[in-house]
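When reading the values below, keep in mind they use all heavy atoms of this one structure, side chains included, and skip hydrogens, waters and symmetry mates. From a predicted model like this one, the values you see are computed outputs, not experimental measurements.
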Amino acid sequence: MPSATGEKVWIIPDGYIPELSSGALTSHESICVLNTASEDAHLSITIFFEDRDPLENMEEVVQARRTKHIRTSSLAKEGTPIPVGVPYAIEVKSNIPIIVQYSRLDATQAENALMSVIAYPIK
């Protein structure tokens, strides 16, 4: 049976969804999750802000032996989405160890930029 790889808690301190995009692409961010285990990973995602209460416990499932790219613009808590143009941070908690990567496509100008980093694992 394949075992779980990674950690159960991951932090992404720099989140931001631009208000505007230019050209054919839309600016976006993704929480990229890899589940190497033979069981599903149940995630709880919390979004922290500088000037307001967090959006807590947004749930996602990453199936066993799969990867999932979760667009931050698709996350919402009780109908409240992550606002655009507002800095935020992300906490990802899982019931089993996982690997988390964060990617951002900045299409605010014609010369697009793609950033991708491994999230910070909490042991």
Side-chain angles (χ1 to χ4, degrees):
M1 296 252 291
S3 62
T5 304
E7 296 294 339
K8 292 183 177 182
V9 180
W10 294 81
I11 301 295
I12 302 163
D14 177 30
Y16 185 81
I17 304 170
E19 296 178 72
L20 302 173
S21 296
S22 64
L25 299 174
T26 302
S27 295
H28 67 272
E29 300 177 312
S30 291
I31 303 167
C32 311
V33 181
L34 173 61
N35 177 7
T36 62
S38 57
E39 65 180 288
D40 292 351
H42 296 268
L43 310 182
S44 175
I45 299 170
T46 297
I47 305 299
F48 294 93
F49 301 99
E50 294 177 355
D51 60 353
R52 61 189 86 188
D53 291 335
L55 297 174
E56 298 183 81
N57 304 317
M58 293 177 281
E59 296 181 1
E60 293 284 336
V61 175
V62 182
Q63 293 181 344
R65 312 276 299 150
R66 298 286 186 266
T67 185
K68 185 171 186 178
H69 292 68
I70 304 162
R71 288 255 184 127
T72 57
S73 60
S74 71
L75 294 173
K77 181 65 176 182
E78 298 173 355
T80 302
I82 299 171
V84 298
V86 174
Y88 62 91
I90 306 165
E91 177 187 64
V92 179
K93 291 184 177 180
S94 176
N95 64 315
I96 61 173
I98 55 172
I99 303 291
V100 176
Q101 178 180 326
Y102 168 76
S103 296
R104 175 188 295 158
L105 173 66
D106 183 345
T108 55
Q109 55 188 342
E111 298 76 21
N112 296 318
L114 179 65
M115 174 187 79
S116 187
V117 297
I118 293 294
Y120 186 82
I122 305 297
K123 296 183 186 264

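- Inter-residue side-chain proximity for D40 and N95 is flagged as unmet; no heavy-atom pair is nearer than 4.5 Å.
- In the model, E59 has no side-chain atom that pairs as donor or acceptor with a side-chain atom of S44 under 3.5 Å.
- For the side chain to side chain contact (heavy atoms under 4.5 Å, CB included) with N35, the qualifying choice from T5, V61, I96 is I96, the only one to do so.
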Let me see the working for I90 and Y88 under side chain to side chain contact (heavy atoms under 4.5 Å, CB included), right down to the final yes or no.
CA-CA 7 Å; I90 306 165; Y88 62 91; 3.7 Å; yes

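- The CG atom of L34 sits 11.5 Å away from the CZ atom of R66 when rounded to the nearest 0.5 Å.
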Please step through side chain to side chain contact (heavy atoms under 4.5 Å, CB included) for the pair Y16 and V86, ending with a clear verdict.
CA-CA 6 Å; Y16 185 81; V86 174; 5.7 Å; no

Between L55 and I82, is a side chain to side chain contact (heavy atoms under 4.5 Å, CB included) present by the stated rule, with each step listed?
CA-CA 8 Å; L55 297 174; I82 299 171; 4.2 Å; yes

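- Of the candidates I118, L43, I31, W10 forms a side chain to side chain contact (heavy atoms under 4.5 Å, CB included) with just one, namely I118.
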Please assess T72 against I17 for the test side chain to side chain contact (heavy atoms under 4.5 Å, CB included), listing each intermediate value before the final yes or no.
CA-CA 8 Å; T72 57; I17 304 170; 3.6 Å; yes

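- In this structure, the separation between CG on N57 and CD on E91 is 9.0 Å, given to the nearest 0.5 Å.
- Enclosure of atom NZ in K93 is not indicated, since only 12 or fewer non-hydrogen atoms of other residues, nucleotides or ligands lie within 6.0 angstrom.
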Test salt bridge (Lys or Arg N to Asp or Glu O under 4.0 Å) on K77 and E56; report intermediate values, then the result.
CA-CA 7 Å; K77 181 65 176 182; E56 298 183 81; over 6 Å; no

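- Between K123 and E7, at least one side-chain nitrogen of the basic residue sits less than 4.0 Å from a carboxylate oxygen of the acidic one, meeting the salt-bridge criterion.
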Set out, in order, the CA-CA distance, both residues' side-chain angles and the distance that settles side chain to side chain donor-acceptor pair (under 3.5 Å) for Q101 and S116, then state yes or no.
CA-CA 7 Å; Q101 178 180 326; S116 187; 2.3 Å; yes

